[in-house]
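Chain letters run A, B, ... following the sequence lines, proteins first, then strands; residues in each count from 1. Since we're looking at a predicted model, the values are computed, not measured.
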2 protein chains.
Amino acid sequence: MAMRMDPLTVEVVELIGSVVARYHEEYERAAAEHALTGAQARVLGLLSLEPVAMRKIARKLKCEPSNVTGIIDRLEARGLVERRPDPADRRVKLAAPTEEGRRMAAALRDSLDFAREPLAELSSEERTVLRDLLRRMLGQ
Amino acid sequence: MAMRMDPLTVEVVELIGSVVARYHEEYERAAAEHALTGAQARVLGLLSLEPVAMRKIARKLKCEPSNVTGIIDRLEARGLVERRPDPADRRVKLAAPTEEGRRMAAALRDSLDFAREPLAELSSEERTVLRDLLRRMLGQ
DNA sequence: TATTGTTATACTCTATAACTATA
DNA sequence: TATAGTTATAGAGTATAACAATA
């Protein structure tokens, strides 16, 4: 059964919902500015640090490996990503960004101002409080 | 160009990303428990307060009206929603939950414990601080 | 035998454009 | 003529199941 919530908690829950909605809109908008879907943008961001095996991408995205094939196909068709063999295991294919893919990933990062901009208005103490509260919400 | 971020801000931005990811996973999981997609669950939640015109659903979901037709079709096929005429404007169709739809919406709400449960561990003062910080992030 | 990636299939969500009924 | 909802179409993401290559 649902717990009864006091008005303050209800408001915080709704605010978190608003933050989530806003975050997603901004993310999709940033991706669309570069003619990418949200999933393509997420994968490109993932690869920007280091080449990643198809199976690992699926785990990170929490989707089936078969879906990753199509997403990487489309990124590869646009010259943003390439498949490489894994020297250690010939079954594995590593997805790695091309130079253009790396530039695109960097541009995407710069576009995601949502969380950054409002935080600049908070004092260092306030950000520390926010960090601690968010950590506890996530059970960290 | 991207602003340089101090480590604290970087951590808060990442935590917000984690909250967003967690929120979405929980939402999809709760919807799937009732054999609903995320979009279907969102629409059902929207209707649970009062009947809503197709066009207005599209605005709330931030998608094209043509998509709402299909989503309501599938909810209607499952007996969770029905279309009603709007007495004030014969062009308009109002989507309203059936009794079963109302029960499903209530069950869905109860399943969404993510935001509620961790907040219970925060003191009233902490929740107030969190509320004010989230409000400022949202420009409210 | 087990694992990796892929293919094939089907469903849902999405945008666009054209259509109908009504305003 | 403008608006509300629908249909038709195409593209993308998703899960499932079956497959080839490799471990």
Side-chain angles (χ1 to χ4, degrees), chain A residues 21 24-25 27-47 51-78 80-96, chain B residues 21 24-47 51-78 80-96 108:
Chain A
H24 259 79
E25 287 162 31
Y27 198 95
E28 293 291 323
R29 180 198 52 69
E33 273 175 12
H34 300 278
L36 293 172
T37 65
Q40 287 164 10
R42 272 189 294 280
V43 170
L44 199 56
L46 238 123
L47 306 185
V52 184
M54 304 298 278
R55 202 131 201 125
K56 190 167 179 185
I57 295 174
R59 277 197 299 273
K60 294 273 190 180
L61 257 62
K62 296 184 199 301
C63 74
E64 294 301 313
S66 60
N67 302 326
V68 179
T69 299
I71 296 170
I72 293 293
D73 279 350
R74 289 180 274 277
L75 287 170
E76 197 166 32
R78 284 184 54 187
L80 299 172
V81 163
E82 62 180 14
R83 283 172 167 93
R84 293 181 193 162
D86 180 345
D89 187 336
R90 285 195 301 170
R91 292 174 304 181
V92 174
K93 286 178 191 168
L94 299 173
Chain B
H24 258 80
E25 286 161 31
E26 294 286 317
Y27 198 95
E28 295 290 322
R29 179 198 53 69
E33 273 176 11
H34 301 276
L36 293 172
T37 65
Q40 288 165 7
R42 272 189 294 280
V43 169
L44 199 57
L46 237 123
L47 306 185
V52 184
M54 304 297 280
R55 205 132 199 123
K56 191 168 179 183
I57 295 174
R59 276 197 299 272
K60 293 273 189 181
L61 258 63
K62 295 185 199 302
C63 74
E64 293 301 313
S66 62
N67 302 327
V68 178
T69 298
I71 296 171
I72 294 293
D73 279 352
R74 289 180 275 276
L75 287 171
E76 198 166 30
R78 284 185 54 186
L80 299 172
V81 163
E82 63 181 13
R83 284 171 165 94
R84 294 180 192 163
D86 181 344
D89 187 336
R90 287 195 298 170
R91 292 173 303 182
V92 174
K93 285 178 191 167
L94 299 173
L108 258 170

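Following rounding to the nearest Å, B:R55 (CZ) and D:dA2 (P) show an atom-to-atom distance of 15 Å. Nucleotide D:dG5 holds its P atom 14 Å from the CG atom of B:L61, rounded to whole Å. Counting to the nearest Å, the P atom of C:dC13 and the CG atom of B:L75 are 8 Å from each other. To the nearest angstrom, C1' of C:dT3 lies 15 Å from CE of A:M54. Here C:dG5 presents its P atom at 14 Å from CD1 of A:I71, a figure rounded to the nearest Å. In this structure, NE2 of A:H24 is placed 14 Å from P of D:dG13, rounded to the nearest angstrom. Spacing between atom NZ of A:K93 and atom C1' of D:dT22 amounts to 12 Å, rounded to whole angstrom units. Per the geometry, CG belonging to B:D73 stands 11 Å off C1' belonging to D:dG5, to the nearest Å.
Between A:R83 and A:D73, the closest side-chain pair of non-hydrogen atoms falls below 4.5 Å. At a threshold of 4.5 Å between non-hydrogen side-chain atoms, the residues A:R59 and A:R55 count as touching. Within the 4.5 Å cutoff, side-chain heavy atoms of B:I57 are placed close to those of B:I72. Side-chain contact check for B:I71 versus B:L61: some heavy-atom pair is nearer than 4.5 Å.
Within the nucleic acid shown, B:R90 comes within 4.0 Å of sugar-phosphate atoms alone, with no base atom in reach, counting heavy atoms only. At a threshold of 4.0 angstrom between heavy atoms, the contacts of A:T37 are confined to the sugar-phosphate backbone, with no base atom among them. Note on A:R42: nothing from the nucleic acid sits closer than 4.0 angstrom, heavy atoms only.
A residue-by-residue look at B:R59 and A:G38 shows that B:R59 has its nearest nucleotide of DNA chain D further toward the 5' end. Looking at which nucleotide of DNA chain D each of A:G70 and A:D89 is closest to, the 5′-most match is held by A:G70.
With rounding to the nearest 0.5 Å, the separation of OG1 in B:T37 from CD in B:E28 is 7.5 Å.
Counting only heavy atoms from C-beta on, A:E64 has its side chain closest to D:dT16 among D:dT16, C:dC13, C:dA23. For A:Q40, counting side-chain heavy atoms from C-beta on, the closest listed nucleotide (C:dT14, D:dA12, C:dT7) is D:dA12. When distances run from any side-chain atom of B:A39 to the nucleotides D:dT7, C:dG5, C:dT14, the shortest one goes to C:dT14.
The base of C:dT16 lies close enough to the side chain of B:S66 for a donor and an acceptor atom to sit less than 3.5 Å apart. At a cut-off of 3.5 angstrom, counting only N and O atoms as typed in the model, there is a donor on one side and an acceptor on the other between the side-chain of A:R91 and the base of C:dT3.
For the pair B:K62 and C:dT14, the criterion of a side-chain N or O lying under 4.0 Å from OP1 or OP2 is not met. Side-chain N/O atoms of B:R83 include one lying less than 4.0 angstrom from OP1 or OP2 on D:dT6. OP1 or OP2 of C:dC13 lies within a sub-4.0 Å distance of a side-chain N or O belonging to B:R74. Residue B:K56 places no side-chain N or O under 4.0 Å from the OP1 or OP2 atom of D:dA4.
Partner of A:V43 under the side-chain contact (heavy atoms from CB on, under 4.5 Å) criterion, chosen from A:V52, A:L36, A:L75: A:L75.
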